[in-house]
Amino acid sequence: MDALRLRGLTLATGALAFVLLARRPTRRAFGAGPAFGLWLLPMLALALPCLPGLHVQWFTLPAIRILPDAATAAGATVTQAPTHLSWLRWLWLAGALAMASRLIAHYLHLRRQSRPLPAAMVERMRHELEVEGFDPRRLRLHPAGPALLWAPRSLLLLPVDFLERFDAGERRLVLRHELTHLRRGDALWRLVAELAFALLWFHPLSWLARPRFRLDQELACDERVLRDAPQDEAGYAHTLLRSVGLSPMPVLIPWLAEPQLKERLTMIQHHRPGTLRRRAGILAIAALLTGGTLVTQAAMGNQTNKQAGENPAYNTSIRPRYPAAAIKGKEEGTVMLDIQVLADGSTGTITYDAKQSTTTSADLIEAATHAARQWHFNPQLKDGKAIDGYARVPVTFSLSEI
């Protein structure tokens, strides 16, 4: 894992720790809605390396010329530059794939078990569905209901005994709750959170954050329902008390999960912040996210007007090797590498600049990138202090002297 990934992981760790500490005080001060908005911070920290950076001024260094005979002299035989990932990366990748596969398996299992509602059941619920503006085509029978199953078009799962388990007033509240989830886009946010958890499966804080994210999402939904219909507060709490809690599942947003009842009843009973405080909380969260983005981009080196100087004595001692497969395929050309130079002189991100390069050979690109990861640079100085910078290094592979 290179320096940039370590920085990204550090930022995500800090964001998770901050949210876990700040979620309760934020809920008390501004309400459950703004408190749930805090979860955007760790998701943003994870996504930031994939976002386009700010404009950067690049400093192009002299080209490094690589010949087959130079590679042979450096190492007795011509060998291809190692391209495999370290075992830690393979372990992380295996865990992430396993978590994602588990997510897909859960989803497919639930879809296979669900079936359309009988016409008689839809007819008995017609009035309640019309009042809440719910499309009957998005209803399915499933023992795990009432719950929302995320999908390209989210489905509402209802148990077979839904009409017997809840009276008309209770059914109206359950449907309103699930419709509020749909309007808020909670199904999509749950999917994004589960994918983020799959990427951070190895992180202890992610296991701690996962159930709290689910709880905060439910509290925010409850708060929105009762803000629109405060007269239903007592009936809402009574319906929760009469409901059967389900074990949390990664692809469902259940009406009630087993560990959530106490917290949800407490939120309903306590005074909820007014509109002014809630809006102030939303503005504060927006300012935090914006400021966090700018600070994170600066910390990861995406700042303007930075350059880096090369230490030729060190870099020329670690030259790329001309891959045997490229020699056999008569592949040559210039690979332009855009290199982030960290303040300690080590390399951060290394990317292939297709527009400035004259070859698209994967072997040549990997050989140049592998060598560049071991290079050291003289970092740019600002006010006498080393800062992160950027260098553009052309690596030319030539077969002209075979």
### Message
Pair Arg183, Glu178 - check salt bridge (charged side-chain N to carboxylate O under 4.0 Å, His left out), show working.
### Response
CA-CA 9 Å; Arg183 288 173 176 167; Glu178 301 304 339; over 6 Å; no
#### Entry: Verdict with reasoning, Asp344 to Ser346, per side chain to side chain donor-acceptor pair (under 3.5 Å)
CA-CA 6 Å; Asp344 61 1; Ser346 63; 2.6 Å; yes
### Task
Under the salt bridge (charged side-chain N to carboxylate O under 4.0 Å, His left out) rule, what do Arg24 and Glu263 come out as? Steps first, then yes or no, please.
CA-CA 11 Å; Arg24 284 180 179 273; Glu263 290 271 9; 2.7 Å; yes
### Query
Can His109 and Gln113 be said to form a side chain to side chain donor-acceptor pair (under 3.5 Å), step by step?
CA-CA 6 Å; His109 179 68; Gln113 284 189 329; 3.2 Å; yes
### Message
Assess the residue pair Phe18 and Trp39 against the criterion (ring-ring contact (aromatic ring centres under 6.0 Å, His included)); give the C-alpha distance rounded to whole Å, side-chain angles, the decisive distance to 0.1 Å, and a yes or no.
### Response
CA-CA 10 Å; Phe18 173 79; Trp39 290 103; over 10 Å; no
### Message
Assess the residue pair Gln217 and His181 against the criterion (side chain to side chain donor-acceptor pair (under 3.5 Å)); give the C-alpha distance rounded to whole Å, side-chain angles, the decisive distance to 0.1 Å, and a yes or no.
### Response
CA-CA 9 Å; Gln217 188 177 59; His181 271 310; 5.2 Å; no
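In this structure, Thr275 and Arg279 have side chains that are in contact, with non-hydrogen atoms separated by less than 4.5 Å. Side-chain contact between Arg23 and Arg212 is present, with at least one heavy-atom pair separated by less than 4.5 Å. His177 has its side chain within reach of Asp222: a pair of non-hydrogen atoms, C-beta onward, lies under 4.5 Å apart. With a 4.5 Å cut-off on side-chain heavy atoms, Arg242 and Arg165 do not count as touching. Looking only at side-chain heavy atoms (C-beta outward), Leu208 and Leu20 come within less than 4.5 Å of each other. Counting only heavy atoms from C-beta outward, the side chains of Val174 and Pro146 approach each other to under 4.5 Å. Taking the side chain as every heavy atom from C-beta outward, Asp363 and Glu331 approach each other to under 4.5 Å. In this structure, Thr359 and Phe397 have side chains that are not in contact, with every pair of non-hydrogen atoms separated by 4.5 Å or more.
Because its NZ or CZ atom is both nearer than 6.0 Å to the ring centre of Phe197 and within 45° of the ring axis, Arg210 counts as a cation-pi partner of that residue.
Taking the charged nitrogens against the carboxylate oxygens, Arg176 and Asp232 do have a contact shorter than 4.0 Å, which makes a salt bridge. A salt bridge does not link Glu194 with Arg102: none of the charged nitrogens is closer than 4.0 Å to a carboxylate oxygen. Under a 4.0 Å N-O distance rule, the pair Asp228/Arg224 qualifies as a salt bridge. Ion pair Asp353/Lys355 not flagged as a salt bridge, since none of the NZ, NE, NH1 or NH2 atoms sits closer than 4.0 Å to an Asp/Glu carboxylate oxygen.
Between Tyr236 and Trp255, the angle of the ring planes goes over 60°, which puts this pair in the perpendicular group of the 30/60° scheme.
Heavy-atom neighbours of Leu21 CG from other residues, nucleotides or ligands within 6.0 Å: above the threshold of 12.
Within the 3.5 Å criterion, the main-chain N or O of Trp92 finds a donor-acceptor partner in the side chain of Trp201.
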